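Each remark here refers to the structure printed beneath this line.
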Amino acid sequence: MIATMILVLFVLATFPCYFQLLVESQTPLGYLGQWQLLQASIGISAMHMQLLHNDKVIMFDRTDFGPSNLPLPYGHCRVDPYDKALTTDCTAHSLLYDIATNSFRPLMVQTDTWCSSASVLPNGTLVQTGGFNDGERNIRMFTPCWDETCDWIEFPGYLSQRRWYATNQILPDGRVIVVGGRRQFNYEFYPKNQNNNSPIHLSFLQETSDPNDENNLYPFLHLLPDGNLFIFANTRSVLFDYNQNRVIKEFPPIPGNDPRNYPSSGSSILLPLDENKDYIEAEIMVCGGAPRSSFEGALQGNYMQALSTCGRLKVTDQNPTWVMEEMPLARVMGDMILLPNDEVVIINGVSLGTAGWEHGRGPVVTPVLFRPYENIGSPWRFSIMPPASRPRLYHSSAVLLKDGRVLVGGSNPHVFYNFTEVEYPTDLSLEAFSPPYLSPMVDQVRPNINYMTSAILGYRVFSYITFTVTRYTSASEVSVRIIAPSFTTHSFGMNQRMVVLKMVGVTQVNVDTYYATIVGPSTAQIAPPGYYMLFVVHAGIPSSGLWVQVQ
Ligand SMILES: *[C@@H]1O[C@H](CO)[C@@H](O)[C@H](O)[C@H]1NC(C)=O
Ligand SMILES: *[C@@H]1O[C@H](CO)[C@@H](O)[C@H](O)[C@H]1NC(C)=O
């Protein structure tokens, strides 16, 4: 069969009218995406979420909150003399959600994971770092399993410092860097250096901390193709060499003097890195946030308008400058999630106030689809999507699933999971947002992956994928991408990244089957080792994903 393959180089002339129709109906006037309520209550708040490579999503909130609405299995209780709300607690504060069956089972965390951070190691084990009170210097590991037996394993006192509101990034060598946290102007690594585990001072974090409300917690970290770390805190950003503990350069501050990090929580992404270019450019986006005095305002009942601006910085340029633009809706506490077809969804959050309990008003229930490769000002650059059924304020989160949906949960968990006497009560529901590309209207151009030569994607190694498409348009409309699933909390998707793989060619095998030749990522700086979701995208419509391990 392989001998009969024909290289498809030109647009198939057969379907031009169909293709035109498709382009038109992809506009916001066509289908808009849909919401689905998956669970009215999962019993805990989806404050922190991570998709694992067995298609289960691990979620956790905090242990010092009193009893959740999810009991632990009979006879299991957590006894913690340091717990601030309940020293014997027979309820769960973490769970594992199974996407395929839309079901979940409780997990046991021993100490407080509130406002913590995490990264998935190259072998698929999740390492969670820090939290609050008795959990602030602990790490916890969770190794996905194919039965119902796996649970958290806790390592008390592993960290050199308390890590509360810190950010993590997986590194090219498989280590994890843990940066900052409340009153922590330093960073450290997992695994720790057994000989010298002292934290390393980073004055940038001290300099960017506002006296009253900080505005630099959960700094935005992005690993760049040159192996350095981009760190954004408050309004400032640097290119940082973590090996030499050296700031290589400081970028201009984001225009407007308004902070973008917690509690003025905007969100940030690294746009897709494209291996088909001779020189791989890296662009960072930061969207939304709150004006500098918003936190103080909210304390006095004055909920200021959130920021409606997005900034974009091409950090690989010699002297980059921010390009600013307006989003259609102002938003603080939004999440930015990379979608497989180059769109970005900006989802969750509010239009007034800041992060923190009862500090936000005016929920923005409508996600916005952002198309970073449309021209600024183009009517298709942003599209407003239909509203969710629930407000998602503080402590909400969002992650991309392998089937292309965006899972959304959490909002304003109150002590004792109190559902009354507050304007925006605890919300324990789970919803999924289906972007327009999931519409059955485009099923005919949607690629379906049949087969890939190996589930291991080696650096610079050739791989072959076969896929079917009912209505094929052209080889130039096909691309293959990998996406690292994010650890999302507090409006930032840690470790989220997309790499567009080098495409050697697409060959037609038979009437509806094609064969794509791709090359694995060129370096571990571009794609750190680990599990990624691989998508074939055809004419702007993604396939369902396939897990691959980059190594
Ligand atoms: C992954 O590596 C970590 C650290 O060495 C180890 O604790 C964990 O058990 C490993 N997971 C798997 C699935 O092998
Ligand atoms: C919610 O909190 C209020 C104020 O603390 C308290 O009076 C009320 O009993 C709580 N409700 C529940 C269901 O715990």
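Counting convention: from 1, in listed order, for ligands and their atoms alike. As the structure is a prediction and not an experimental result, all values here were calculated from the model.
The pair Arg105-Asp98 does not count as a salt bridge, with every side-chain nitrogen at least 4.0 angstrom from each carboxylate oxygen.
Less than 6.0 angstrom separates the ring centroid of His395 from the ring centroid of His490. Annotation: Tyr218 is in aromatic contact with Tyr165 [ring centroid separation under 6.0 Å].
Closer than 4.0 angstrom to ligand 1 sit non-hydrogen atoms from Leu121, Asn123, Thr125, Met141, Thr143, Tyr190.
Shown here are the ring pair (Phe, Tyr, Trp, His ring centres under 6.0 Å) partners of Tyr187, two or more places apart in sequence or in another chain: Phe189, Phe240.
Within the structure, salt bridge (charged side-chain N to carboxylate O under 4.0 Å, His left out) pairs that include any residue of residues 215-227 do not occur (at least two apart or interchain). Residue pairs meeting the salt bridge (charged side-chain N to carboxylate O under 4.0 Å, His left out) criterion with at least one member in residues 238-248, sequence neighbours excluded, do not occur.
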